Protein chains: 2
Amino acid sequence: MTNEATKSARKSALKPADRRAGARAPASSKPKPASNRAERAAERRGAIIAAAMDEFIARGFAATRLDDIAKRAGVAKGTIYLHFKDKESMFEELIRTAIVPLVTRLWATPPQPGASVRDMVEGFAKTFIEEVAATRRGDLVRLIVAEGPRFPEVADFYYREVVSRGLAGMRALIELGIARGEIQHKNLARFPQIMVAPALIAVIWQSLFSRHAPLDALEMFRVHLDLIFGERRTA
Amino acid sequence: MTNEATKSARKSALKPADRRAGARAPASSKPKPASNRAERAAERRGAIIAAAMDEFIARGFAATRLDDIAKRAGVAKGTIYLHFKDKESMFEELIRTAIVPLVTRLWATPPQPGASVRDMVEGFAKTFIEEVAATRRGDLVRLIVAEGPRFPEVADFYYREVVSRGLAGMRALIELGIARGEIQHKNLARFPQIMVAPALIAVIWQSLFSRHAPLDALEMFRVHLDLIFGERRTA
DNA sequence: CATTTATGACTGACTGGTCAGTCATTGTCA
DNA sequence: TGACAATGACTGACCAGTCAGTCATAAATG
């Protein structure tokens, strides 16, 4: 048709890259009729986020290529820029959107009124180790440790949303334990970091040394709790 | 995929220009007079290592530019290649040469025969916190945590030379403590990581959060020791 | 309902800049 | 002076970010 002719006339002089229509075709055979436009956009955004997560975790910020993220997400590179301003803000937003549900999940521990402080801490640690240390989320923590100094905003956000809240909560728990007589060491409330330390060790260990020597993180944490609450277990 | 292949291909199919690095070695065992020339070469090498250290710590492996290292070392870029095969092996060698003296220094703690196990551990921690956590060396540890997964050889080396030895030594100390009756928790010997955990926390904290909230690492460690050895201090 | 027009999500070739690694040339010591 | 050390301009690969063009879908129209 005339239309056709005019259209191709303009750009036409180049490579046989015009089977454009065909190029997109392979995807067309997909059995996915994601009808709504907004839906598809959201799907794509999600795919980009997941892909970027994997790539950043595997390679770090600087060594990650946007081409690889695009390829992994099944999307053209330009599409990424429809959702994110640039690589850096993508990284920052990524971390933020990943941390929120993580924290939410961790604080979703059922606060059973009858439970001892030790049980609460142990349950918390169990969740953390199972949901974070033993999974890809753990690498997220390592990624923050790795890139934090170069992304002050990420470090700020992480401190504000995770570290300071987490430590405050832990301190409250410790004080409760002291008040109830479960914990003898009053000074512990001054350094809630101590309570949490083995959990962080576990995360790092999984990433770096699990292939050298596996670590039973939960068992380690229980031993640690024995130090704080006194021996209890028989295993 | 093509990218990946090309990249590694390039790497392994290098030109035979590599005996550079090896050429340096023979000098060491030779009865060569410490000429002005050799001295200067060693000096330059040291300057390059120091500069590279700073840059890698500040920016991470991928984002560090050799031009910057050269400039900081007061040397032309080509000179770097007289001492190191390429960026990657420079990084690995760097870590190795930095770790050895670090470990040496740490194990140089005077083993006073009359000291209690607690004193020994505390002295050790004091050295570590003062010499590592509070200095640029601490960032080296963070650097290893950050880049370890991408440099398996570095992680291997670190595990072999630092982690496994350190833990073995700590375990021996714990067992001594148990034998002497200073430590009640026998299970602690199964997880020497627990003894060390707050020290690692301190390193990470200094790098990421010291500007949000300063941490008295030594005091924290003392409180931690109170958990293990029982209260002792009056502060 | 069928057809035309408008929209904007999506694409990927392309650009401009960056940087690891090279090597012909220049400098320096023994 | 001969041998080796040092230099830094240069090369080629690589990659973040752009934008002209495409096309499926939605809105408007008859």
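Reminder, nothing fancy here: chain letters follow the sequence lines and each chain counts from 1. Bear in mind that the values here come from a model prediction, so they are computed numbers and not experimental data.
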Give each stem of DNA chain D as a range with a range, requiring at least 3 consecutive Watson-Crick or G-U wobble pairs whose two distances are under 3.5 Å. C:1-30 with D:1-30

Tell me the interatomic distance from A/F61, atom CZ, to D/dC15, atom P, rounded to whole angstroms. 14 Å

Atom pair distance, as rounded to whole Å: CG in B/L82 and P in C/dT22: 12 Å

With sequence neighbours left out, the residues meeting side-chain contact (heavy atoms from CB on, under 4.5 Å) with B/A58 are none

Quick one: ring pair (Phe, Tyr, Trp, His ring centres under 6.0 Å) pairs with a partner in residues 46-65 of chain B, sequence neighbours left out? B/F56-B/F61, B/F56-B/F91, B/F61-B/F91, B/F61-B/F151

Rounded interatomic separation in angstrom, taking NZ from A/K87 and C1' from D/dC14: 12 Å

Of D/dA16, D/dA6, C/dT11, the nucleotide closest to the side chain of B/R44 is D/dA6

Minimum side-chain heavy-atom gap B/E161-B/V100 below 4.5 Å: no

Here the distance between atom P of C/dG21 and atom CZ of B/F84, to the nearest Å, is 13 Å

Check the distance between C/dT11's C1' and A/I48's CD1 and give it to me in whole angstrom. 12 Å

Sequence neighbours excluded, which residues qualify as salt bridge (charged side-chain N to carboxylate O under 4.0 Å, His left out) partners of B/R72? B/D54, B/E55

Residues at least two apart in sequence or cross-chain that pass side-chain hydrogen bond (donor to acceptor under 3.5 Å, both in side chains) with B/E130, listed by chain then number, are B/K126

Answer with base, sugar-phosphate or nothing: what part of the nucleic acid does A/L66 contact at a heavy-atom distance below 4.0 Å? sugar-phosphate

Numerically ordered, the residues 69-80 of chain B set in heavy-atom contact under 4.0 Å with DNA chain C is B/K77

With a 3.5 Å cut-off and sequence neighbours excluded, list the donor-acceptor pairs that the side chains of residues 206-215 of chain B form with protein atoms.
residue, atom, partner, partner atom, Å
B/S207, OG, B/D139, OD1, 3.0
B/S210, OG, B/Q206, O, 3.0
B/R211, NH2, A/D156, OD1, 2.8
B/H212, NE2, A/D156, OD1, 2.7

Please name all residues satisfying salt bridge (charged side-chain N to carboxylate O under 4.0 Å, His left out) with B/E153, sequence neighbours left out, ordered by chain then number. none

From CE of B/M90 across to C1' of C/dA20 the rounded distance in Å is 11 Å

Using the salt bridge (charged side-chain N to carboxylate O under 4.0 Å, His left out) criterion, which residues pair with B/K87? Sequence neighbours excluded. none

For the residue pair B/F124 and B/W107, categorise the inter-ring angle as parallel (less than 30°), tilted (30 to 60°) or perpendicular (more than 60°). tilted

For A/H83 and D/dG17, what is the distance between atoms NE2 and C1' respectively, to the nearest whole Å? 16 Å

For B/K85 and C/dA20, what is the distance between atoms NZ and P respectively, to the nearest whole Å? 15 Å

